[in-house]
> 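The following block contains the structure, expressed as structure tokens.
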Amino acid sequence: MSRPERPVLVVIAHGSRDPRHAATVHALVRRVRAQRPGLRVETGFLDFNIPSVQGVLNSLAAEGVRDVVALPLLLTRAFHAKSDIPAVLRQAPSRLRIRQAEVLGPSPLLTAALERRLYEAGLTPADKSRAGVVLASAGSTDPEAIAVIAEIAREWRHTGWCAVRPAFASASLPRTEDAVRELRALGCERVAVAPYVLAPGFLPDRIARGAAGADVLADVLGPAPEVARLLLDRYDEARMPSLAALGA
């Protein structure tokens with residue numbers, strides 16, 4: 001008896017007028033495909049870029065696809081995950097069975113990717129006890145999302161850093177530059193900024209400007225292997241919850 005086809009993974013990205021955003025999303029999706037050959041992975045954008053999410057879903061339905069896992073390429077569960085994406089998915093062709101995966105964060109894999117980017121930017125594990133880190137997020141008006149960022153910073157601090165402070169590029173305070181100054185005042189010998197964002201764009205550029213007083217500015221998470229693995233974990237959790245819970 002033949003095995004049922006795996007659901008198509010549709011990665012839903014925000015989109016941006018900045019061409020670096022789409023290029024980074026596509027690089028991440030290529031890494032996902034490389035980690036799991038044979039899995040069909042498509043990319044749709046909510047705004048600014050093509051193909052749109054609706055266009056991808058319409059094309060899949062026209063091909064005869066039945067099962068889809070829609071994965072929000074988001075780090076926190078805020079407005080896009082709670083409202084925008086469900087609204088788009090409700091407009092999908094009725095023949096599609098769509099399961100919406102959880103957002104990516106929080107996850108130890110994201111923390112590992114953040115550290116990877118910091119080490120690539122010049123820090124070493126030996127620097128941890130004397131280095132303060134700004135966990136710089138895009139920001140949100142959603143209190144749940146803000147609380148998650150603050151909790152990630154608290155937990156990350158316990159892994160050996162001198163200090164970790166959250167910061168936000170929009171909607172919330174403190175800003176990156178304020179957190180950098182706070183870490184200097186605390187006496188951290190080195191100060192690093194770790195952008196908790198997936199792709200370049202307007203708000204990541206604001207984070208970079210706020211990092212002018214830091215010693216190290218890490219790159220965005222982008223196509224880090226840990227992020228690609230996390231996408232596959234969220235896919236597995238959505239398509240087969242019982243197996244994912246067993247670590248299969």
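What you see is a predicted model; the values in this text were computed from it and never measured.
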> Does the side chain of L135 reach to within under 4.5 Å of the side chain of L114, using non-hydrogen atoms?
yes
> Taking C-beta and beyond as the side chain, do P200 and T24 meet within less than 4.5 Å on heavy atoms?
yes
> Decide yes or no for T111 and E155: does some side-chain heavy atom of the first lie under 4.5 Å from some side-chain heavy atom of the second?
no
> Hey, are K128 and E115 close enough for a salt bridge, meaning a charged N less than 4.0 Å from a carboxylate O?
yes
> Where do G105 and L110 come nearest, in terms of heavy atoms and distance?
CA-CD1, 3.6 Å
> Check whether any side-chain heavy atom of L71 sits under 4.5 Å from a side-chain heavy atom of L104, and report yes or no.
yes
> Could you state whether F168 and L74 fall into the same hydrophobic cluster, counting links through intermediate Ile, Leu, Val, Met, Phe, Trp or Tyr residues with side-chain heavy atoms under 4.5 angstrom apart?
no
> Please, which pairs that meet salt bridge (Lys or Arg N to Asp or Glu O under 4.0 Å) have at least one residue in residues 165-175, sequence neighbours excluded?
R165-E182
> Under 3.5 Å, side chain of S170 to main-chain N/O of A138, donor-acceptor pair present?
yes
> To check you understand the geometry: which heavy-atom pair defines the closest contact between A136 and T176, and what is its length?
CB-OG1, 3.9 Å
> R234: which residues meet the side chain to side chain donor-acceptor pair (under 3.5 Å) condition with it, sequence neighbours left out?
E237
> Do R77 and P106 have side chains that get closer than 4.5 Å, going by heavy atoms?
no
> Report whether V193 and L186 are members of the same hydrophobic cluster (ILVMFWY, side-chain heavy atoms less than 4.5 Å apart, transitive linking).
yes
> Between V10 and V32, is there shared hydrophobic-cluster membership here, with clusters defined by ILVMFWY side-chain heavy atoms closer than 4.5 Å?
no
> Nearest 0.5 Å, what's the CD-CD1 distance between E42 and I12?
12.5 Å
> Determine whether a donor-acceptor pair (N or O, by modelled atom type, separation under 3.5 Å) exists between the side chain of S140 and the backbone of I146.
no
> Linking Ile, Leu, Val, Met, Phe, Trp and Tyr by side-chain heavy atoms under 4.5 Å, what else ends up with L173?
none
> Taking side chain as C-beta onward, heavy atoms only, is V197 less than 4.5 Å from I207?
yes
> The criterion is side chain to side chain donor-acceptor pair (under 3.5 Å); which residues satisfy it with R97, sequence neighbours excluded?
D67
> Can a donor-acceptor pair be found, under 3.5 Å and without considering hydrogens, that links the side chain of R157 to the backbone of V164?
no
> Strictly by ring-ring contact (aromatic ring centres under 6.0 Å, His included), give each pair with a member in residues 91-124 just once, sequence neighbours left out.
none
> Please list, one pair per line, the donor and acceptor atoms closer than 3.5 Å that link side chains of residues 216-227 to other protein atoms, with sequence neighbours excluded.
{"residue": "E226", "atom": "OE1", "partner": "R116", "partner atom": "NE", "Å": "2.9"}
{"residue": "E226", "atom": "OE2", "partner": "R116", "partner atom": "NE", "Å": "3.0"}
{"residue": "E226", "atom": "OE2", "partner": "R116", "partner atom": "NH2", "Å": "2.9"}

> Check for me, please, whether I98 and V41 land in the same ILVMFWY cluster - side-chain distances under 4.5 Å, paths through other members count.
no
> Do Y235 side-chain atoms and A101 backbone N/O form a donor-acceptor pair below 3.5 Å?
no
> So, the side chain of R130 versus the backbone of C162: is there a donor-acceptor pair under 3.5 Å, distance only?
no
> I want to check something: taking the side chain as every heavy atom from C-beta on, are L28 and L73 in contact at a cut-off of under 4.5 Å?
yes
> Any chain of hydrophobic side-chain contacts (each under 4.5 Å) joining V133 to L109?
yes
> Test of understanding: with side chain to side chain donor-acceptor pair (under 3.5 Å), list the residues that count as partners of R184, not counting sequence neighbours.
D215
> For R190, give me all partners under salt bridge (charged side-chain N to carboxylate O under 4.0 Å, His left out), at least two apart in sequence or on another chain.
D127
> Under 4.5 Å between any side-chain heavy atoms of R229 and L232, yes or no?
no
> Tell me every residue that passes side chain to side chain donor-acceptor pair (under 3.5 Å) with S83, counting only those two or more places apart in sequence or in another chain.
none
> Tell me the ring-ring contact (aromatic ring centres under 6.0 Å, His included) pairs involving residues 39-70, sequence neighbours left out?
H26-F45
> How would you list, by chain and number, every residue that makes a salt bridge (charged side-chain N to carboxylate O under 4.0 Å, His left out) with E102, sequence neighbours excluded?
none
> Minimum heavy-atom separation for D178 to P174, with atom names?
CB-CB, 4.0 Å
> Return each pair, listed once, that meets ring-ring contact (aromatic ring centres under 6.0 Å, His included) where at least one residue sits in residues 184-229; pairs must be two or more places apart or across chains.
none
> Count the heavy atoms belonging to other residues, nucleotides or ligands that lie under 6.0 Å from CZ of R40, then report whether that count exceeds 12.
yes
> If you measure from CH2 on W161 to CG on L118, what distance do you get to the nearest 0.5 Å?
5.0 Å
